[in-house]
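In what follows, a structure is listed as structure tokens, so that the remarks can point back to it.
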2 protein chains.
Amino acid sequence: MSGTSPDFTARLRAVGLRPTRQRVALARLLFEGEHRHVTAEGLHAEVRATRLPVSLATVYNALNQFRDAGLLREVVVAPGRSYFDTNTGHHHHFFVEPDGELHDFPSDKVTIAGLPTPPKGTRLSRVDVIVRVRR
Amino acid sequence: MSGTSPDFTARLRAVGLRPTRQRVALARLLFEGEHRHVTAEGLHAEVRATRLPVSLATVYNALNQFRDAGLLREVVVAPGRSYFDTNTGHHHHFFVEPDGELHDFPSDKVTIAGLPTPPKGTRLSRVDVIVRVRR
DNA sequence: AAGTTGTTTAGAACAGTTCTAAAAACTGAA
DNA sequence: TTCAGTTTTTAGAACTGTTCTAAACAACTT
Ligand SMILES: [Mn+2]
Ligand SMILES: [Mn+2]
Ligand SMILES: [Zn+2]
Ligand SMILES: [Zn+2]
């Protein structure tokens, strides 16, 4: 058989999180298929559609824990709402306004040359490139 | 004489805004000196320190109007809070976490090559580069 | 199974921002 | 100048996204 279904229970345990029903359901939605960009509200709607009752607070808890565990990264592109990105590798984003859609593009084709050195007393943490486009 | 003090009344009128006491005071704080990055709360504290009573709603109104008029641009770098930037020309940002400070750097030294073409049916609107650094 | 600890939950609380509608201020014409 | 018409300001309510609280519940250990 091709494409063994990942063991979410083990993956959660590996990062020190108990594999509860809620977390496993959320992990499945997030990590089972292609990379995704979700909002808390959107993921909440999705998981509730599976008929497993999960509170919004739990979705926020899980997203924050997954992010802290390095399973997700948080992307800030619009005021007042966070996106969580299942792609934790180096890449950048298209942001389609006003829809609010995020699309990845690989960073290895993109060259950013001539970045100035960080201000005194600081270390580089990450470079985000957001290409904003409109319909 | 060198460095004529700008006529904020005229500048406001030029973009179709009545030069009220509040707007002139805010424009002075924003545009009189070097380029700035302000938050609504921060600017509100500043203007109130001049002993002119200005409500927070007015600060938000003015910032949004100035942005719509092209006098400011809005920068989103952190969840839950907008920065307004008096530098409307092409440039990019350092963002110092966790302080929340923003610093400009010119875009003309920075080369971004290999950006993919925008998704079907969209036009490029702006490219934001945010260099996140930590203390 | 019992005990322990970690998790979920509903709802309250919170932060940043926008809205409401009444009072105040700006403007152009008289 | 005064006046009428219009825009702006304001206090406070409302709203949105997110976090907190503390009690019920579920997962793990023995
Ligand atoms: Mn967060
Ligand atoms: Mn806004
Ligand atoms: Zn992404
Ligand atoms: Zn700037």
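Chain letters run A, B, ... following the sequence lines, proteins first and then strands; every chain starts at 1. Because the structure is predicted, anything quoted here is derived from the model rather than measured.
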For residues 48-58 of chain A, which residue pairs pass the side-chain hydrogen bond (donor to acceptor under 3.5 Å, both in side chains) check, not counting sequence neighbours?
A:Ser55-A:Thr58
Closer to the 5' end of DNA chain C via nearest nucleotide, is it A:Gln65 or B:Tyr83?
A:Gln65
Between C1' on D:dG17 and CZ on B:Arg81, what's the gap in Å once rounded to a whole number?
14 Å
Could you pull out the protein-nucleic contacts involving nucleotides 27-30 of chain C (nitrogen or oxygen on both sides, under 3.5 Å)?
| unit_1 | atom_1 | unit_2 | atom_2 | d |
| --- | --- | --- | --- | --- |
| C:dT27 | OP1 | B:Arg13 | NH1 | 2.6 |

Taken to the nearest whole Å, CG/A:Asp68 to P/D:dT19 is 10 Å
May I ask you to evaluate whether A:Arg21 reaches the phosphate of D:dA27, defined as a side-chain N or O under 4.0 Å from OP1 or OP2?
yes
Can you check the B:Arg23 CZ to C:dA24 C1' distance for me, whole Å?
14 Å
Once you round it to whole Å, what is the distance between C1' of C:dC26 and CZ of B:Phe8?
20 Å
Do A:Arg11 and A:Phe31 meet the cation-pi criteria used here (NZ or CZ under 6.0 Å from the six-membered ring centre, within 45° of the axis)?
yes
Is there a side-chain polar atom (N or O) of A:Thr20 under 4.0 Å from OP1 or OP2 of C:dT8?
yes
Strand-adjacent residues in residues 39-63 of chain B, judged by heavy atoms under 4.0 Å from DNA chain D
B:Pro53, B:Val54, B:Ser55, B:Ala57, B:Thr58, B:Asn61
Taking side chain to side chain donor-acceptor pair (under 3.5 Å) as the test, write out the residues that go with A:Asp108, two or more places apart.
none
Test: A:Glu46 and A:Arg36 ion pair at under 4.0 Å
yes
Provide the full list of ring pair (Phe, Tyr, Trp, His ring centres under 6.0 Å) pairs with a residue in residues 103-131 of chain B, sequence neighbours left out, each pair given once.
B:His92-B:Phe105, B:Phe94-B:Phe105
All N/O donor-acceptor pairs, side-chain side in residues 109-117 of chain A, below 3.5 Å, sequence neighbours left out:
none

Within the structure provided, determine whether B:Phe95 and B:Val131 are in side-chain contact (heavy-atom separation under 4.5 Å).
no
Side chains of B:His37 and B:Asp104, donor plus acceptor under 3.5 Å
yes
Do the side-chain N or O atoms of B:Gln22 get closer than 4.0 angstrom to the phosphate oxygens (OP1, OP2) of C:dA24?
no
Separation of B:Glu74 atom CD from C:dG16 atom P, in whole Å?
15 Å
Atom pair OG1/CG of A:Thr86 and A:Leu30 - distance to nearest 0.5 Å
7.0 Å
